[in-house]
Amino acid sequence: PSKRRPDLDSLYCINADGSRNTIHPADVRGRFQRRKKLVWAVLVAIYVVLPFLHIGGHPAVQIDLPNRTFYLFGSVFDSQDFYLAFFFVFGIGLTLILLSALWGRVWCGYACPHTVFLEGFFRRIERWIDGPSGQREKLAKGAWTGRKLAKRVLKHGTYLVLSLALAHVFLAYFIPVDELVGVVQHSPAEHLTAFVFTMVFTAIIYFDFAWFREQLCLIICPYGRLQSILSDPDTVNVQYDFVRGEPRGRYHVEGRGDCIDCQRCIAVCPTGIDIRNGVQMECVGCANCIDACDEVMDKVGSARGLIRYESLRGVEQGRRRFWRTRVVFYAVVFAVALVGFTVLAGGRTAFDARLVRSDGPPYVVVGAGADAQVRNIFRLHLVNKLGADATFRITPPVPWTASGSSCRRRRSR
């Protein structure tokens with residue numbers, strides 16, 4: 001039977017009977033691969049190094065769940081500041097929307113953690129152990145032999161070690177590194193919560209990168225399905241120049257376009273699509289097909305850019321607009337949200353104090369006659385938001401006869 005080719009009606013990673021069609025993308029080299037590797041190296045370095053950096057006596061980024069405190073580059077946020085999380089989440093979402101309107105799924109191809117670790121680590125390990133695309137596919141379909149078993153044990157053992165390391169780095173964002181080292185050296189029973197968290201997270205990472213892979217982007221992640229409403233004809237995506245490339249045909253065919261139908265763009269795609277069918281939900285904007293096509297164009301003596309970052313309007317008319325209504329709207333909303341967050345975050349106080357009446361009668365009368373005193377009973381709830389020990393002085397208003405007092409509160413309340 002003829003080999004299955006990608007189409008617009010089905011996912012290439014899933015067969016008609018619902019079984020998995022494993023994708024083995026071919027190796028590719030080029031300028032975009034070098035840029036992606038540089039970006040990935042920087043992002044991984046940030047992910048690993050941040051828990052080790054200390055600012056103001058605390059980790060640069062840490063979520064202290066027991067004390068309900070969040071440390072962010074020297075700033076301390078308490079549970080009382082949780083309302084600021086709305087601006088944080090809203091800002092992330094709006095940033096992705098703005099990026100999508102301008103450059104499509106550039107986030108997915110260059111900065112998504114799933115892409116960074118899958119393409120930057122796990123696929124590279126697979127290539128080192130199992131070989132290039134053809135050998136990997138042959139090995140996967142071949143019978144079980146001692147050689148195949150040895151490769152599988154080595155590969156999946158390496159996956160597990162890497163997954164465990166990534167899980168521990170993630171745990172360092174909740175437990176300071178110096179404490180985490182002590183936790184790891186002791187029995188799991190002494191720190192059962194941390195142990196269970198690490199094992200569960202390790203299992204999730206291993207399952208995702210060892211087997212699930214591109215299905216996370218195509219089946220679970222909703223971001224790709226939003227592209228149709230986030231983009232327009234001026235959005236820059238990975239585009240096939242059908243004006244220049246069609247009609248496609250083999251190299252020696254007379255009257256063909258620049259596309260020689262070598263299918264190299266399909267071979268290197270991590271999601272198994274044919275970019276010549278147009279922009280698709282499965283495309284993650286990785287630019288593998290751009291580098292692969294440029295390499296072929298160099299060999300046949302044609303100009304690069306048959307597949308390139310371009311908008312639909314740019315392909316059809318040779319021009320595109322950067323500023324349009326939706327981009328201006330997104331930018332204005334983002335600016336307003338940023339100003340709002342800055343004002344609210346900058347206006348935070350060093351503490352949060354609430355004075356409420358205690359349970360029971362609102363007041364009591366002590367003494368009788370001219371010496372009688374009315375005593376109001378209040379409860380003071382004081383939260384230190386400085387992230388360190390501090391002393392607060394409590395002084396009643398001048399008309400009161402009670403004397404002032406001081407209160408020392410630790411950061412853990």
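For this chain, numbers begin at 1 and follow the sequence in order. Predicted model only: the values in this text are computed from it and were never measured.
Although no hydrogens or angles enter the test, the distance criterion places a donor-acceptor pair under 3.5 Å between the side chain of H54 and the main chain of F52. Within the 3.5 Å criterion, the main-chain N or O of C108 finds a donor-acceptor partner in the side chain of T115. With hydrogens and angles ignored, the 3.5 Å screen pairs a side-chain donor or acceptor of D7 with a backbone N or O of S10. Side-chain atoms of R375 never come within 3.5 Å of backbone atoms of V364 as a donor-acceptor pair (strictly under, hydrogens ignored). Side-chain atoms of R354 do not come within 3.5 Å of backbone N or O of R379 as any donor-acceptor pair. Using a distance-only test at 3.5 Å, with no hydrogens or angles considered, a donor-acceptor pair links the side chain of N21 to the main chain of Y12. Side chain of S231 to backbone of Q227: a donor-acceptor contact under 3.5 angstrom is found. Checking side-chain atoms of K151 against main-chain N and O of I129 turns up a donor-acceptor pair under 3.5 Å. Remark: the backbone N or O of A101 is paired with a side-chain donor or acceptor of T235 at under 3.5 angstrom. With hydrogens and angles disregarded, a donor-acceptor distance shorter than 3.5 Å links the side chain of K148 to the backbone of G142.
The stretch residues 212-221 participates, sequence neighbours left out, in these salt bridge (Lys or Arg N to Asp or Glu O under 4.0 Å) pairs: R20-E214, R123-E214, E126-R213.
Note that CG of L218 and CD1 of I14 are 7.5 Å apart. Values are rounded to the nearest 0.5 Å. Note that CG of L149 is 11.0 Å distant from CG of L154, once rounded to the nearest 0.5 Å. The CG atom of D64 sits 10.0 Å away from atom CG of D78, with the distance rounded to the nearest 0.5 Å. Remark: T202 OG1 to L164 CG distance equals 4.5 Å, nearest 0.5 Å. Here the OH-SG distance, from Y223 to C217, works out to 12.0 Å after rounding to the nearest 0.5 Å. If you take CD1 on I273 and CD1 on I23, they are separated by 10.0 Å, rounding to the nearest 0.5 Å.
A donor-acceptor contact under 3.5 angstrom links the side chains of E246 and Y240, judged on distance only. Between the side chains of D274 and Q280, not a single donor N or O lies within less than 3.5 Å of an accepting N or O.
The shortest distance between side-chain heavy atoms of C269 and N288 does not fall below 4.5 Å. Counting only heavy atoms from C-beta outward, the side chains of E190 and F195 never approach each other to under 4.5 Å. Looking at heavy atoms from C-beta onward, F334 lies in side-chain contact with T95 at the 4.5 angstrom threshold. Counting only heavy atoms from C-beta outward, the side chains of R250 and H252 never approach each other to under 4.5 Å. Here the side chains of I260 and R248 are not in contact, with every heavy-atom distance at 4.5 Å or above. Residues C259 and L306 have side chains in contact (heavy-atom distance under 4.5 Å, counting atoms from C-beta outward). A heavy-atom distance below 4.5 Å is not found between the side chains of S311 and P233. Under the 4.5 Å side-chain criterion, counting only non-hydrogen atoms from C-beta, Q263 is in contact with I266.
With sequence neighbours excluded, no residue forms a salt bridge (Lys or Arg N to Asp or Glu O under 4.0 Å) with R35. With sequence neighbours left out, the ring pair (Phe, Tyr, Trp, His ring centres under 6.0 Å) criterion links F32 to Y309.
G285 approaches Y110 most closely through the heavy-atom pair O-CE1, 3.9 Å. For the residue pair A26 and R127, the shortest heavy atom distance occurs at O-NH2, 4.1 Å. For the residue pair P25 and S133, the shortest heavy atom distance occurs at O-CB, 3.9 Å. Nearest heavy atoms, P51 versus P59: O-CB, 4.3 Å. When all heavy atoms of R320 and R313 are compared, the pair lying nearest together is CA-CD, 4.3 Å. The shortest heavy-atom contact between V169 and V48 is CG1-CA, 4.1 Å.
Ring pair F201/F197 is parallel by interplanar angle, where below 30° counts as parallel and above 60° as perpendicular. In this pair, H156 and Y159 present their aromatic rings perpendicular. The plane angle is above 60°, beyond the 30 to 60° band. Below 30°, between 30° and 60°, or above 60°: for F341 and F87 the angle between ring planes is between 30° and 60°, a tilted geometry. Using the six-membered ring where Trp is involved, Y47 and F117 have ring planes that are perpendicular, over 60° apart on the 30 and 60° scheme.
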Ring pair (Phe, Tyr, Trp, His ring centres under 6.0 Å) assessment of F351 paired with F392: CA-CA 9 Å; F351 65 91; F392 298 94; 5.4 Å; yes
Audit row: F70, D81, side-chain contact (heavy atoms from CB on, under 4.5 Å) steps and yes/no: CA-CA 9 Å; F70 177 47; D81 303 316; over 6 Å; no
Evaluation steps, side-chain contact (heavy atoms from CB on, under 4.5 Å), between C293 and R264: CA-CA 7 Å; C293 187; R264 177 67 175 163; over 6 Å; no
Trace of the side-chain contact (heavy atoms from CB on, under 4.5 Å) decision for D130 with Q135: CA-CA 7 Å; D130 291 346; Q135 293 183 17; over 6 Å; no
side-chain hydrogen bond (donor to acceptor under 3.5 Å, both in side chains) between S19 and D17, worked out: CA-CA 6 Å; S19 62; D17 60 359; 2.6 Å; yes
Check against side-chain contact (heavy atoms from CB on, under 4.5 Å), C283 and T271: CA-CA 7 Å; C283 178; T271 58; 5.8 Å; no
CA sep, side-chain torsions, deciding dist, call: F82, F86, ring pair (Phe, Tyr, Trp, His ring centres under 6.0 Å): CA-CA 8 Å; F82 186 73; F86 165 79; over 10 Å; no
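Dense packing is recorded around CZ of F212, with more than 12 heavy atoms of other residues, nucleotides or ligands lying under 6.0 Å away. With a 6.0 Å radius and a threshold of 12 heavy atoms from other residues, nucleotides or ligands, W144 has its CH2 atom above the threshold. Enclosure of atom CZ in F207 by more than 12 non-hydrogen atoms of other residues, nucleotides or ligands within 6.0 angstrom is indicated.
Under the 4.0 Å criterion applied to side-chain N and carboxylate O atoms, R124 and E119 are not assigned as salt-bridge partners. With salt bridges taken as basic N to acidic carboxylate O contacts below 4.0 Å, one links D241 and R308. Ion pair D298/R304 flagged as a salt bridge, since at least one NZ, NE, NH1 or NH2 atom sits closer than 4.0 Å to an Asp/Glu carboxylate oxygen. Salt-bridge check for D261 with R256: failed, with every basic side-chain N at 4.0 Å or more from each acidic carboxylate O. With respect to D258 and R244, a salt bridge is recorded, a charged nitrogen being found less than 4.0 Å from a carboxylate O. R321 and D234 are joined by a salt bridge, as a carboxylate oxygen and a charged side-chain nitrogen come within less than 4.0 angstrom of each other.
The cationic atom of K37 (NZ for Lys, CZ for Arg) does not lie both less than 6.0 Å from the six-membered ring centre of W40 and within 45° of the ring axis.
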